[in-house]
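Below is one structure, written out as structure tokens; comments come after it.
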Amino acid sequence: MQKNQRINNIRISLLKQRKVYVAELAILLNVSARTIRRDLKELVESGMAQFFFGGAELIDIHSQNAFKEAGVKSIVSHIPVNDGENTNRLISRSTPNSSLANQSKIDVYVLGSFNIDIVSEVDVFPKRGETLHSIGTSFYAGGKGSNQAMAAAKVSNSVHFTVKIGQDEFGDKAKNHLAATEINSFSIFESDAKPTGNAVILVEQSSGENMITIDLGANKTITPEELVNDLPLINDSQIFLTQLENNFDITKLAIEYAKRSEAVVMLNPAPYSESVKELIHLVDIITPNETEAEGLTGLSITDIASAKMAAKAIYQLGPKVVIITLGSKGRPCSK
């Protein structure tokens, strides 16, 4: 087993078990105890772990929070705020070297999803059992993770996107689409058992309302063995950005690792699940919409004042910054 693969296996064990022992790892990985101690030394020097007699353990997350304060404050300083005037501060654009191999840091690492949206327009929604002619059908590239990565690439040429697709026609379309975007680099995994994520969307022309079914497919099949290859990239990123369209265990594992790096951890908690409460304390910046904020707090959001109350309640759960999006009802707010 190569050194990098061995260290990655130890990383996964640390994240899952919180503690590892030299003697057990030596047997498991079929190397000497001396080799394991050297491997652990690298993880200790990276700030991920600390030694104890006979092994190593993860460093307490809370002891590392100070490393991220500057990063969080830097991001927040570029968020437009309502300061009583009609001027807003703009998000600054960073211009690092476009070659990922020549960079010591990735600006934004996105773990996320890719879906093909199949959109069919109809005059009126069909009744149960009814067959209707559609006005037209279109195919669009979608997925919250893909959208996040493309948006980030508009302001940085150092964005890495990790995604899993199927070995199917939609998978080919996904690769062609992503290759044509401004996203700098990718980790694209493929599933031979599940299809590329897709959404079937009916749009009623008369009302503009829609009906949607989503099959996340391969998005929900990322494995720890696949993610482990990306851990060094997460460690070297300035911002770790994700949502909830991958399998939850992998998302949680990645967030736990990112939290122990110097990356600022950002989460869009969509599509909402009660499980998000298991990891919200690990998030630096969270961006729920109105419905998701209500799910997190149990508070009804009807206006800016109630949104502020919900934001304060979410802040008490652990994030350093809470941004609630309210669509057309929203406005920048400093407090």
Side-chain angles (χ1 to χ4, degrees), residues 11-18 58 60-62 65 68 109-115 142-149 161-165 189 191 193-194 197-199 212-228 230-231 234 239-261 263-301 307 310-325:
R11 281 195 181 100
I12 288 291
S13 295
L14 272 167
L15 286 170
K16 288 183 174 180
Q17 302 167 20
R18 301 298 189 265
L58 280 176
D60 180 17
I61 287 174
H62 300 293
N65 283 344
K68 302 190 181 182
Y109 175 101
V110 181
L111 171 66
S113 57
F114 181 93
N115 298 323
K144 295 183 185 301
S146 175
N147 292 342
Q148 284 179 330
F161 180 38
T162 293
V163 67
K164 191 165 185 177
I165 59 178
F189 304 115
S191 171
K194 291 290 185 179
N198 61 87
I212 304 174
T213 63
I214 299 178
D215 177 7
L216 289 174
N219 289 309
K220 300 197 74 171
T221 65
I222 297 178
T223 66
E225 291 73 25
E226 289 167 333
L227 182 65
V228 74
D230 268 18
L231 294 184
I234 295 174
I239 297 172
F240 172 86
L241 176 60
T242 193
Q243 17 59 53
L244 300 176
E245 284 194 339
N246 300 110
N247 35 323
F248 183 78
D249 289 344
I250 282 295
T251 301
K252 184 177 180 181
L253 184 67
I255 287 177
E256 287 177 339
Y257 185 80
K259 185 65 175 179
R260 289 179 168 86
S261 74
V264 173
V265 180
M266 296 183 66
L267 172 67
N268 175 11
Y272 181 75
S273 165
E274 285 291 308
S275 300
V276 74
K277 294 178 181 178
E278 297 177 24
L279 52 75
I280 190 172
H281 63 288
L282 303 173
V283 175
D284 296 307
I285 301 175
I286 191 166
T287 60
N289 66 14
E290 184 177 346
T291 301
E292 294 144 11
E294 289 179 352
L296 285 167
T297 64
L299 300 175
S300 178
I301 298 176
K312 290 177 180 179
I314 295 172
Y315 179 79
Q316 294 301 317
L317 298 176
K320 298 180 178 67
V321 177
V322 180
I323 302 171
I324 298 180
T325 59

Contact check, side chains of P224 and K16, non-hydrogen atoms, under 4.5 Å:
yes

Heavy atoms only: give me the nearest N219-G197 pair and the separation to one decimal.
ND2-CA, 3.7 Å

For I212 and A199 the tightest heavy-atom approach is CG2-CB, 4.4 Å

Q148 meets the side-chain contact (heavy atoms from CB on, under 4.5 Å) criterion, sequence neighbours left out, with V110, L241, Q243, N268

Has N246 got a side-chain atom pairing as donor or acceptor with G112's backbone, closer than 3.5 angstrom?
yes

Could you state the interatomic distance from CD1 (I255) to CZ (F240), rounded to the nearest 0.5 Å?
5.5 Å

Candidate pair N115 and E245, rule side chain to side chain contact (heavy atoms under 4.5 Å, CB included), full reasoning:
CA-CA 10 Å; N115 298 323; E245 284 194 339; 3.7 Å; yes

With sequence neighbours left out, what residues match K277 under side-chain contact (heavy atoms from CB on, under 4.5 Å)?
Y272, E274, L296

So CD1 of I12 and CD of Q17: to nearest 0.5 Å the spacing works out to 10.5 Å

Side-chain touch I314/I280, heavy atoms, less than 4.5 angstrom
yes

On a heavy-atom basis, which atom in A307 and which in I324 lie closest, and how many Å separate them?
O-CD1, 3.4 Å

Heavy-atom side-chain proximity of K259 to D284 below 4.5 angstrom
yes

Between L253 and L227, the two heavy atoms sitting closest are CD2-CD2, 3.9 Å

Should L111 and I222 count as side-chain neighbours, where that means a heavy-atom distance under 4.5 Å?
yes

Over all heavy atoms of both residues, which pair between I234 and S261 is shortest? Give the atoms and the distance, please.
O-OG, 4.0 Å

CA sep, side-chain torsions, deciding dist, call: V276, L267, side chain to side chain contact (heavy atoms under 4.5 Å, CB included)
CA-CA 10 Å; V276 74; L267 172 67; 3.7 Å; yes

Start with the C-alpha distance between L279 and F248, add both sets of side-chain angles, then the distance that settles side chain to side chain contact (heavy atoms under 4.5 Å, CB included), and finish with yes or no.
CA-CA 10 Å; L279 52 75; F248 183 78; 3.5 Å; yes

Checking the side chain of E292 only, and the main-chain atoms of N289 only, is there a donor and an acceptor separated by less than 3.5 Å?
yes

Quick one, K320 and V264 - any side-chain contact, counting heavy atoms below 4.5 Å?
no

Got a sec, which residues hit side-chain contact (heavy atoms from CB on, under 4.5 Å) with S191, two or more places apart in sequence or on another chain?
K164, A193, K194, A218, T221

Closest heavy-atom contact between S146 and F161?
N-CZ, 3.5 Å

Rounded to the nearest 0.5 Å, what separates atom NZ in K220 from atom CG in D215?
10.0 Å

Could you tell me whether a side-chain N or O of N247 sits under 3.5 Å from a main-chain N or O of D249, the two making a donor and an acceptor?
no

